[in-house]
Amino acid sequence: MGEPRLIEISPVTRVEGHGKVTIHLNSENEVDEARLHIVEFRGFERFIRGRLMWEVPVIVQRLCGICPVSHHLAAAKAMDMIAGVDQLTPTAEKMRRLMHYGQVMQSHVLHFFHLAAPDLLFGFGAPAEKRNIFEVIKEQPELGKRAVLMRKYGQEIIEATAGKKIHGTGAVPGGINRNLPIERRDHFLSSIDEMLAWAQDAVKLARDYTLEHEDLVAEFGSFPSNYMSLVREEDGALDLYHGNLRALSSTGNVIFDQLPYPQYHERLIEDVRSWSYMKFPFIKELGPEVGWYRVGPLARMNTASFIDTPIADAAHKELKAVTDGHPNNSTLANHWARMIEVVHCVEKIRELLNDPDLQGNDLVMTGERRGEGIGVIEAPRGNLIHHYQVDENDQVTYCNLIVSTTHNNEGMNRAVKDVAVKHLSGHDQITEGMLNHVEVAIRAYDPCLSCATHALGQMPLQVELFNAEGELVDSKAQSV
Amino acid sequence: MSERSQAEHPKARIATASLAGCFGCHMAILDIDERLMDLMKLVEVDRSPLTDKKRFTQRCDIGIIEGGCCNEENVHVLQDFRRNCDVLIALGQCAIMGGLPAMRNAIMHSDEPLRECLDEAYITGRYIRNTTHNVPNDPALPLLLDEVYPCAQVVEIDYQIPGCAPEGDIIFDTLSKLLTGKFRGFEREMIKFD
Ligand code: SF4
């Protein structure tokens, strides 16, 4: 018997953005409550009002520097709708797709190698000084080099299509503002085979890790949930740029399918809770208790019927075989899913680079103006929704955003609690290594806490300990 | 870089923090690409979101700050950096000017911009369910500041690298020159504002 305690991990590191976890431990040293708090608040939905429509795809990127392209393209798709353009020119659509595949590639590589790999390579409980990309570079220079060069490749694709690696200006309402010069194309083609080979090695690494640590993967922050993503209109294939919404239950039952995304608000609603600036979306008809769902790479593997590029499709089948074709509920299997998507992106980039449409000059379309636009895309971390209304002066009058990490809010909280209960409960001594387990669970979601609340400021990830009465009893900052 | 710190450890120590920023400036640091390997021969990374060092382990030669201050937590982190770093660099528009988060500071025809932002997000928004009709409010959430402040309004800043985000090239150039004592200011063509 001890005193109730509160422990802090502050800030959560090796995630993009800032967060805080509170864990309430009672006098029996058992975890009563564990929560991931988002402490940032920006207020984007309000201050975007009054801005001009063409500015929006440029401004929104600043919500998030890790996947700015996703915000850029989701906003641009919404602006296409307002501009009355339902179908872009082939050059515009393919340039935007190229930009997006470059983005997903760089973001997934960053997450896997730079942020998550130290846990996977050195163990969740490894000394804190060891758990970072710089140590990976030191100990496994070849792996470190590949991480750096694969990310660079994705960033350069973005630069070629958007003008800048971070916060570019490629997409405009109704199209794109540049094509891909042939010299640039040749430059990218010269190393595409190497990228593909490295991506396949990365899938193997992630797969082997998942299969070799089968027991860990099965118990670590794993639980059933619903899943949601876009899928391709005609056949339900994985499509990261465009499609309709599909939601499945944990056993694979269809909740809704081929729902045109402008109708998202007929099925989804966001819950506000007092202890986080990040809201909790759920499927309306199922209610907040059972209607929550997860998005992201593993969710996409669960929802997509197949992948339309051969190497990634074979890898997808292999992943699906582990759960006999049913949805995979293991949080840690996200890493494997993420690397399959890297292969898919590289295959898509190769396909696009070989397409002469990228050198076309027909870049922008116009159509009959509408007052409302909704753009949805599969960002690296999952489904991303942008919704705007504009007035006759092209000024924004309404904005609603649901970012990927927000969709995963409930899932991350459950993972935090699950891991806290399994790895912290019953111990008098809470070590730094134990606390890292909580962070590992959060990291598996690759949360981008930067944009999760469209929030201002920093969300340091802390763990706090409350007693059964909900009083804060201890607050231990995780430090090294 | 102080002589004392050089004598103590052969490698320079660098720390980084992201305050009210989008993490894009940290991504720009990674855009140094292969040169990261060279840089790692010269430096040790201390407190940073890229490492698991959540507190300063030693005094640092260079601290790099992304983002301005929008809540009390940001102010504490920034002051901690000033206390623990010989040279403090404000990286990017958010750190220098407040950037996109500072759009919250002034909304046309509004006396209470922050309140309006909170209301829109949690109370009046169309597709939300808020059973308490309050904005989030919990001891776990740090107090928001009335405005978003650039770093230089909170502590003294030694260098500012403009851009949103500044390119990896200028970050690498500045760091390597600072580390070798050759920094004499920025080359004109390297500076980009946007
Ligand atoms: S300056 Fe730009 S890139 Fe840097 S944190 Fe601010 S918005 Fe992001």
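Order of the sequence lines fixes the chain letters, A, B, ..., with proteins taken first and strands second; residue numbering starts at 1 for each chain.
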**Message:** Please check if the number of heavy atoms outside A:E142 that lie under 6.0 Å from its CD is greater than 12.
**Reply:** yes
**Message:** If you compare all heavy atoms of A:I166 against all heavy atoms of B:G24, which two are closest, and at what distance to 0.1 Å?
**Reply:** CD1-O, 3.3 Å
**Message:** With side chain to side chain contact (heavy atoms under 4.5 Å, CB included) as the criterion, how do A:F44 and B:M103 come out once you've worked through the C-alpha distance, each side chain's angles and the decisive distance to 0.1 Å?
**Reply:** CA-CA 8 Å; A:F44 189 85; B:M103 283 177 74; 5.8 Å; no
**Message:** Need one label for A:K165: side chain, backbone, both or neither, based on atoms under 4.5 Å from any heavy atom in chain B.
**Reply:** side chain
**Over 12 non-hydrogen atoms of neighbours within 6.0 angstrom of NZ in A:K145** = no
**Message:** Could you tell me if the side chain of A:R46 sits less than 4.5 Å from the side chain of B:L118, heavy atoms only?
**Reply:** no
**Asked** With a 4.5 angstrom heavy-atom cut-off, which part of A:R273 approaches chain B: side chain, backbone, both or neither?
**Response** backbone
**Asked** Side chain, backbone, both or neither: which part of A:P127 has a non-hydrogen atom closer than 4.5 Å to chain B?
**Response** neither
**Message:** Evaluate A:I59 against B:L100 for side chain to side chain contact (heavy atoms under 4.5 Å, CB included), listing each step before the verdict.
**Reply:** CA-CA 8 Å; A:I59 296 177; B:L100 171 120; 3.2 Å; yes
**Item:** Contacting region of A:K138 [heavy-atom separation from chain B under 4.5 Å]
**Value:** side chain
**Message:** Which atoms of A:L149 are under 4.5 Å from chain B, going by heavy atoms: the side chain, the backbone, both sets, or neither?
**Reply:** side chain
**Message:** Just so I understand: if I count every heavy-atom pair under 4.5 Å between each of B:T132, B:I123, B:V135, B:L30 and chain A, which residue has the most?
**Reply:** B:L30
**Fill in**
Rounded to the nearest 0.5 Å, the CD atom of A:E156 sits from the CG atom of B:D31 at a distance of 9.0 Å
**Message:** Looking at every non-hydrogen atom in both residues, tell me the closest pair between B:C22 and A:H167 and how far apart they are.
**Reply:** SG-NE2, 3.4 Å
**Prompt:** Under a 4.5 Å heavy-atom cut-off, does chain B meet the side chain of A:K164, its backbone, both or neither?
**Reply:** side chain
**Residue part contacting chain A, namely of B:M40, when any heavy atom lies under 4.5 Å** = side chain
**Prompt:** How are the rings of A:H387 and B:Y127 set relative to one another: parallel (under 30°), tilted (30 to 60°) or perpendicular (over 60°)?
**Reply:** parallel
**Asked** What's the shortest heavy-atom distance between B:P136 and A:S276, and which atoms?
**Response** CG-O, 3.3 Å
**Asked** Below 4.5 Å, heavy atoms only, C-beta onward: do B:Q93 and A:R62 meet side chain to side chain?
**Response** no
**Asked** For the residue pair A:V148 and B:E34, what are the closest heavy atoms and their distance?
**Response** CG1-N, 3.6 Å
**Message:** If I measure from the heavy atoms of chain A, does B:N134 come under 4.5 Å with its side chain, its backbone, both, or neither?
**Reply:** backbone
**Request:** Indicate yes or no for a side-chain donor-acceptor contact from B:R126 to the backbone of A:N400 under 3.5 Å, with no hydrogens or angles considered.
**Result:** no
**Item:** Structural part of A:F280 lying under 4.5 Å from a heavy atom of chain B
**Value:** neither
**Message:** For B:E44, which atoms come within 4.5 Å of any heavy atom of chain A: side chain, backbone, both, or neither?
**Reply:** side chain
**Request:** Check A:F47 against B:P101 and note the closest heavy-atom contact, atom names and distance.
**Result:** CE2-O, 4.4 Å
**Request:** Kindly give the heavy-atom pair with the smallest separation between A:N132 and B:L50, and that separation in Å.
**Result:** CB-O, 3.5 Å
**Fill in**
Interatomic distance, NE2@A:H114 vs CG@B:L36, rounded to 0.5 Å, equals 7.0 Å
**Prompt:** With side chains defined as the heavy atoms from C-beta onward, is the minimum distance between B:M27 and A:L110 less than 4.5 Å?
**Reply:** yes
